[in-house]
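Below: one structure, written as structure tokens.
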Amino acid sequence: MGLRNRWVIGNWKMNGSLAGNAALLGAVAAAPSGVGKLGVCVPFPYLGQAQSALAGGAVVWGGQDVSEHASGAYTGQVSAAMLVEFGASLVLVGHSERRQYNAETSDLVARKASAALNAGVTPVICVGETLAERDAGRAEAVVGQQLQACTDVLQRSQGAAIVAYEPVWAIGTGKTATPAEAQAMHAFIRATLRVLGAEADATSILYGGSVKAGNARELFSQADIDGGLIGGASLVATDFLAIAAA
Ligand code: PEP
């Protein structure tokens, strides 16, 4: 455990406004330092605002997606180098909402993670099964395949890439995996990382899916859960900071 960073990372999704963000970022910037690291992944237009509010402090910031390409005729996409210009040190790749609404495949997710890593931005590789897949007894197979696609980047990152286990059925639904269910999958993920030749014991594996102040402590105290990726609750400063304190 001592090998791994503990993280609480907020995913604002497509939420925010300049005025609202100012208050939220101000509160997050003033968070007391704890045992873990804090980060926020904001919509692209707000990266500059996050940089202004958080630069020089302990809280890091990043994007919610990144292009697999370095530059060129890719309208609407944002490169890893552009994230770096705004001081971003994190980026989500393969969030289930992007896999679902943008038809992102695991191979594309791997190329995005690789582009981030090559630019010096830590990819937060999101994996997780749907309810139908879990009910069919395929949860581990699905997560295993999603990880396997990222083998190269997981090996090259030497434990720096972060994995976020986010069961799709728990995201934004108010349903949370029980601590035992989450721990079982995290242990499977760590074992899979080992098989894939990644630095399994050094890799932070975060849980995401309806984490709240009330359930964070028990989830985060599981042996293989190294913190959380927080959606809805990251939009309310008191909730996000209470989760971070857990
Ligand atoms: C997420 O979007 O990554 C997430 C975990 O959302 P929520 O916390 O709202 O379930």
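Each ligand, and each atom within it, is numbered from 1 in the order the structure gives.
Regarding atom 8 (O) of ligand 1, its nearest protein heavy-atom neighbour is G231 N, 2.8 Å. Looking at atom 1 (C) of ligand 1, its nearest protein heavy atom turns out to be H95 NE2, 3.2 Å.
Those atoms of ligand 1 with a heavy atom of A170 less than 4.0 angstrom away are 10 (O). Counting atoms of ligand 1 from 1 in the listed order, those under 4.0 Å from a heavy atom of L229 are 3 (O), 5 (C). Close approach to G209 involves these atoms of ligand 1, each under 4.0 Å from a residue heavy atom: 5 (C), 10 (O). For ligand 1, the atoms closer than 4.0 angstrom to any heavy atom of N11 are 1 (C), 2 (O), 3 (O). Interface atoms of ligand 1 facing G172, defined by a heavy-atom separation under 4.0 Å, are 7 (P), 9 (O), 10 (O). Within ligand 1, counting atoms from 1 as listed, the ones closer than 4.0 Å to a heavy atom of G232 are 7 (P), 8 (O), 9 (O).
For S89, the side chain to side chain contact (heavy atoms under 4.5 Å, CB included) partners at least two apart in sequence or on another chain are V60. Partners of L24 according to the side chain to side chain contact (heavy atoms under 4.5 Å, CB included) rule, which considers only residues two or more places apart in sequence or in another chain, are W12, V28, A237.
In terms of polar-atom proximity, E166 is counted as a contact of ligand 1, with an N or O under 3.5 Å from an N or O of the ligand. Residue E97 has no nitrogen or oxygen atom sitting less than 3.5 Å from a nitrogen or oxygen atom of ligand 1, judged on distance alone.
Here H95 contributes atom NE2 and N102 contributes atom CG; the two are 12.0 Å apart, rounded to the nearest 0.5 Å.
Ligand 1 lies out of reach of A233, whose nearest heavy atom is not under 4.0 Å from it.
For E85, the CD atom sits in a loose shell: 12 or fewer heavy atoms of surrounding residues, nucleotides or ligands are nearer than 6.0 Å. The environment of E218 atom CD is sparse: at most 12 non-hydrogen atoms of other residues, nucleotides or ligands sit within 6.0 angstrom.
Between H186 and Y165, the two ring planes are perpendicular [angle over 60°; tilted spans 30° to 60°].
Between R111 and V153 there is no side-chain heavy-atom pair separated by less than 4.5 Å.
When all heavy atoms are compared, the tightest approach of D224 to R190 is OD1-NE, 2.6 Å.
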